[in-house]
There are 2 protein chains.
Amino acid sequence: MSSSVQRKRIRKDPAARRAEIVDAAAAVALTEGLECVTLRRVAEDLAVRPGLISHYFPSAEGLVAEAFGSAATGELDRLLPARPPEDAPSRHLARFLARTSGEEYDVISRLWINARHLSRYRPVLRDRVALQESAWRGRLETLVRDGVDTGEFVTDDPVAATVQILVVLDGLGAHANTATPERPAAVLRMPITTAERELGLPPGTLDRTTG
Amino acid sequence: MSSSVQRKRIRKDPAARRAEIVDAAAAVALTEGLECVTLRRVAEDLAVRPGLISHYFPSAEGLVAEAFGSAATGELDRLLPARPPEDAPSRHLARFLARTSGEEYDVISRLWINARHLSRYRPVLRDRVALQESAWRGRLETLVRDGVDTGEFVTDDPVAATVQILVVLDGLGAHANTATPERPAAVLRMPITTAERELGLPPGTLDRTTG
DNA sequence: GATGCTATTGAGTGTGCGACCAATAAGCAA
DNA sequence: TTGCTTATTGGTCGCACACTCAATAGCATC
């Protein structure tokens with residue numbers, strides 16, 4: 001008779017239920033942080049009992065790692081999707097760098113800071129972070145190599161160029177959780193400057209393009 | 001008569017006791033992480049009761065912030081001490097950058113990652129992080145300005161040059177908790193390259209010097 | 001419609017945390 | 001020596017967490 005109690009059980013296909021759990025966990029990871037990905041929290045969001053989450057993830061650490069992996073993969077796809085043939089590599093790179101400037105990118109920075117810190121205590125998560133790192137690096141590296149192939153980019157070490165861009169992005173994202181004093185324009189432009197320098201592009205090539 | 005029980009009370013000067021607590025908390029913060037700075041943990045290290053820590057720090061968050069501040073200040077003093085007059089700014093800067101390459105620096109990177117992440121949930125800590133950030137920036141900026149004054153460095157924006165160096169250091173330190181694949185030499189040299197570029201120094205000027 | 005598999009629940013265990021507070025004793029001052 | 005201030009103790013409370021496991025019920029299969 002109590003109003004808020006839902007006694008009806010909904011039995012789902014294990015694969016679908018698992019995906020549902022991972023999605024909910026990833027959402028929590030993005031909005032609240034990885035330490036908020038708990039059995040109780042995820043169960044509450046899905047209106048099930050905590051024990052059910054344990055059934056799919058015998059160790060909570062596995063769920064946290066999965067949540068991070070899912071969230072990071074999703075953000076990578078939004079930030080740096082596969083390049084359609086009609087986009088020139090330089091244009092695609094410019095779009096990517098433009099997306100890393102907005103406040104929207106802070107969410108991603110927060111997630112990475114979170115994961116890199118929590119990796120200190122969670123070996124399973126640490127492995128997942130390493131995996132995601134190589135995924136992000138790999139996708140940017142592919143774009144760089146594509147640009148070299150078309151002749152737009154010039155570098156004798158695509159890996160070094162790629163990693164240098166990522167290091168700068170990591171450095172700029174480090175402050176996503178703290179109120180940062182207004183930064184000089186030269187600092188805000190560091191990703192573009194670095195990319196243009198390492199890829200042999202004339203200054204200004206990677207600035208925001210229309211559309 | 002029980003062997004492990006210490007019933008004797010040691011009453012100390014409040015200022016001394018407080019300093020003792022902060023020191024112990026800073027040590028835990030550096031070695032184990034800020035989330036291990038708990039009333040119980042610090043009390044155990046000092047062989048006192050948790051209630052005593054509460055007496056000096058009514059809120060545990062205050063202790064965590066203090067622990068970070070103490071640890072960060074100590075590390076800054078080791079890493080970038082005040083420049084003695086007999087040291088040329090370029091030589092002092094070269095020493096600083098050399099110290100940021102060793103594995104010893106990983107401890108500092110870990111502390112900063114830790115603090116920047118935990119800032120998300122702890123407003124008191126967040127303020128302390130902002131304070132420490134300006135302290136680190138201030139000290140490096142002073143060194144840069146000194147070099148400009150002596151004519152060794154050339155830049156029209158000392159702040160931008162300073163922050164760019166720090167951003168690169170932050171970016172490289174982001175991986176302190178994860179096993180990082182061997183990085184290209186160009187990446188490892190980024191701090192030196194950035195400093196030389198932004199300060200108008202000939203390449204190689206800031207490489208490791210003898211002594 | 002009956003049966004069997006298993007997804008899901010409900011209840012309970014143990015741990016570590018911050019916070020709170022009355023009782024106690026150390027050491028200084030009168 | 002006596003008395004007072006307060007640093008320090010010991011104990012307790014409530015909360016949130018992961019983890020365990022027997023009981024239950026949804027649903028596909030026969």
Side-chain angles (χ1 to χ4, degrees), chain A residues 1-2 4-25 28-29 32-68 114 118 121-125, chain B residues 1-2 4-25 28-29 32-68 114 118 121-125:
Chain A
M1 190 60 89
S2 56
S4 63
V5 175
Q6 172 179 5
R7 47 172 39 87
K8 183 68 178 164
R9 291 189 183 184
I10 303 174
R11 193 189 176 102
K12 297 196 173 180
D13 174 72
R17 181 65 94 180
R18 188 190 165 92
E20 190 183 41
I21 292 172
V22 170
D23 285 352
V28 172
E32 323 264 330
L34 291 166
E35 23 276 289
C36 296
V37 177
T38 65
L39 303 183
R40 285 169 170 76
R41 180 71 165 80
V42 173
E44 191 185 9
D45 285 2
L46 295 176
V48 298
R49 307 272 101 200
L52 182 61
I53 315 296
S54 285
H55 175 68
Y56 287 93
F57 292 90
S59 160
E61 192 181 348
L63 175 60
V64 172
E66 198 78 11
F68 167 72
N114 196 168
L118 213 55
Y121 308 104
R122 306 271 154 87
V124 181
L125 175 61
Chain B
M1 191 59 89
S2 55
S4 62
V5 177
Q6 172 179 5
R7 47 172 38 87
K8 183 66 177 167
R9 291 189 183 183
I10 302 176
R11 193 190 175 103
K12 296 195 174 181
D13 174 71
R17 180 65 93 181
R18 189 189 165 92
E20 189 183 41
I21 290 172
V22 170
D23 286 352
V28 172
E32 322 264 330
L34 289 166
E35 23 275 289
C36 296
V37 176
T38 65
L39 303 184
R40 286 168 171 78
R41 178 72 164 80
V42 173
E44 191 185 11
D45 285 1
L46 295 176
V48 297
R49 309 269 92 201
L52 182 60
I53 314 296
S54 284
H55 176 68
Y56 286 94
F57 292 90
S59 160
E61 192 182 347
L63 175 60
V64 172
E66 197 78 11
F68 166 72
N114 196 168
L118 213 54
Y121 308 104
R122 307 270 152 89
V124 181
L125 175 61

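Proteins get letters first, then strands, A, B, ... in listed order; numbering begins at 1 in each.
Atoms CZ and CD, on B:Arg49 and B:Glu44 in that order, are 9.5 Å from each other to the nearest 0.5 Å. Atoms CZ and NZ, from B:Arg18 and B:Lys12 in turn, are 15.5 Å apart once rounded to the nearest 0.5 Å.
At D:dG26, one or more side-chain N or O atoms of A:Lys8 fall inside 4.0 Å of OP1 or OP2 (strictly under the cut-off).
Of the two residues contacting DNA chain C, namely A:Leu52 and B:Arg11, the nearest-nucleotide position lying further toward the 5' end is that of A:Leu52.
Counting heavy-atom neighbours within 6.0 Å of A:Arg41 CZ, excluding the residue itself, gives a total above 12.
Residue A:Ala60 has its side chain nearest to D:dC19 when only D:dC19, C:dA7, C:dT24 are considered. Side-chain atoms of A:His55 lie closest to C:dA7 of the nucleotides D:dG26, C:dA7, C:dA19.
Going from atom CG of B:Leu34 over to atom P of C:dC17 covers 15 Å, rounded to whole Å. Look at CD on A:Glu35: it is 12 Å from P on D:dA18, rounded to the nearest Å.
In this structure B:Arg17 satisfies the side-chain hydrogen bond (donor to acceptor under 3.5 Å, both in side chains) test together with B:Glu20, sequence neighbours excluded.
Near-neighbour residues of DNA chain C inside residues 37-45 of chain B, defined by a heavy atom below 4.0 Å, number-ordered: B:Thr38, B:Leu39, B:Arg40.
Judged by distance alone with a 3.5 Å cut-off, no donor-acceptor contact links the side chain of B:Arg49 to the base of D:dT9.
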Practice task
Can you run through DNA chain C from 5' to 3' and write each base as (, ), [, ], | or . depending on how it pairs? Watson-Crick or G-U wobble, both distances under 3.5 Å.
Solution key: ||||||||||||||||||||||||||||||

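With B:Asn114 contributing its side chain and B:Gly33 its backbone, the two residues share no donor-acceptor pair below 3.5 Å.
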